[in-house]
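A short write-up of the structure that comes next.
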Amino acid sequence: MIKKLVLSFPVDATDRPLIYDLIRVHDVSINILKAEIQPGKTGSLLAEFEADERGIDEAIAYLNDNGVTVSPVSSKVSYDRERCINCGSCVSACFSRALSIGAPEWILRFDPERCIACKLCLKACPLRLFKIEFAEV
Ligand code: SF4
Ligand code: SF4
């Protein structure tokens, strides 16, 4: 399973290799989507954790034990359908196949369940029709 999480690091945790430990010891795959971390300051990280349910629970418990607050997050990608010219540029960029265009209508379709909030479509669209919002749940 994949879970999208926001990690909030206290000052004394930003210089410890917690993410490295999660990958090495707890066997969790981590895809970092956004990071604001500097040694000696509080930090935050938006990331996808991939493992079985138990592995993700153990990873969250490990982070909590080290003072890191973990919150699930939902991301919402949307685009301006009215202005879309169905050029397909965003479809080529979307490797998770959340975006598609096909017969018979040849109009852009978006499957939010497949979206991993990678933001590649934001740059790919020549008309800049995409926007993304993150919200803790
Ligand atoms: S954010 Fe990434 S996964 Fe989601 S629609 Fe855009 S390109 Fe596809
Ligand atoms: S790149 Fe923009 S204009 Fe082209 S299909 Fe995607 S959303 Fe529509």
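Remember, it's 1-based here, ligands and their atoms both numbered in the order they're listed. Predicted, not measured: the structure shown is a model, and the values here were computed from it. Note that these values count all heavy atoms, side chains included, but never hydrogens, waters or copies made by symmetry.
Residue Leu108 approaches ligand 2 through these ligand atoms, each under 4.0 Å from one of its heavy atoms: 6 (Fe), 7 (S). The contact set between ligand 1 and Ser96, taken as ligand atoms under 4.0 Å from a residue heavy atom, comprises 3 (S). Of all atoms in ligand 1, listed by their number and element, those nearer than 4.0 Å to a heavy atom of Phe110 are 5 (S). Of all atoms in ligand 2, numbered sequentially from 1 with element shown, those under 4.0 Å from a heavy atom of Gly88 are 4 (Fe), 5 (S). Here is the list of ligand 2 atoms found below 4.0 Å of a heavy atom in Phe130: 7 (S). Listed by atom number, the atoms of ligand 2 under 4.0 Å from Cys90 heavy atoms are 1 (S), 5 (S), 6 (Fe), 7 (S). Counting the atoms of ligand 2 from 1 in the order shown, those under 4.0 Å from a heavy atom of Pro126 are 1 (S). Residue Leu99 approaches ligand 1 through these ligand atoms, each under 4.0 Å from one of its heavy atoms: 5 (S). Those atoms of ligand 1 with a heavy atom of Lys119 less than 4.0 angstrom away are 1 (S), 2 (Fe).
The two residues Val28 and Gly55 make their nearest non-hydrogen contact at CG2-O, 3.9 Å. Between Arg114 and Ser96, the shortest heavy-atom contact is O-OG, 3.0 Å.
With Arg54 as reference, Asp52 is the one residue of Asp52, Asp57, Ile56 to meet the side chain to side chain contact (heavy atoms under 4.5 Å, CB included) rule. When each of Leu33, Asn31, Ile32, Leu7 is checked for a side chain to side chain contact (heavy atoms under 4.5 Å, CB included) with Leu46, only Leu33 meets the rule.
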Practice problem: Please lay out, stage by stage, how Phe130 and Leu99 fare under the test side chain to side chain contact (heavy atoms under 4.5 Å, CB included). | Solution: CA-CA 12 Å; Phe130 284 91; Leu99 295 164; 3.9 Å; yes

Exercise. Check step by step if side chain to side chain contact (heavy atoms under 4.5 Å, CB included) holds for Leu5 and Leu63.
Key: CA-CA 12 Å; Leu5 301 167; Leu63 289 166; over 6 Å; no

Practice problem: Check the pair Phe95 / Leu120 against side chain to side chain contact (heavy atoms under 4.5 Å, CB included), numbers first and verdict last. | Solution: CA-CA 9 Å; Phe95 58 86; Leu120 293 175; 3.4 Å; yes

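For atom 4 (Fe) of ligand 1, the closest heavy atom belonging to the protein is Cys115 SG, 2.4 Å. Here the protein heavy atom with the shortest distance to atom 8 (Fe) of ligand 1 is Cys94 SG, 2.4 Å. Shortest contact from atom 2 (Fe) of ligand 1 to any protein heavy atom: Cys118 SG, 2.3 Å.
Counting heavy atoms closer than 4.0 Å to ligand 2, residue Asn86 contributes backbone atoms (N, CA, C, O) but none from C-beta onward.
Distance check, rounded to the nearest 0.5 Å: CD1 of Ile107 to SG of Cys84 gives 8.5 Å.
Heavy-atom distances between Cys121 and ligand 2 stay at or above 4.0 Å for every pair.
Backbone or side-chain N, O or S atoms of Cys84 reach atom 8 (Fe) of ligand 2 at under 2.8 Å.
In this structure, Val68 and Tyr62 have side chains that are not in contact, with every pair of non-hydrogen atoms separated by 4.5 Å or more.
By the 30° and 60° cut-offs, the orientation of the rings of Tyr79 relative to Phe110 is perpendicular.
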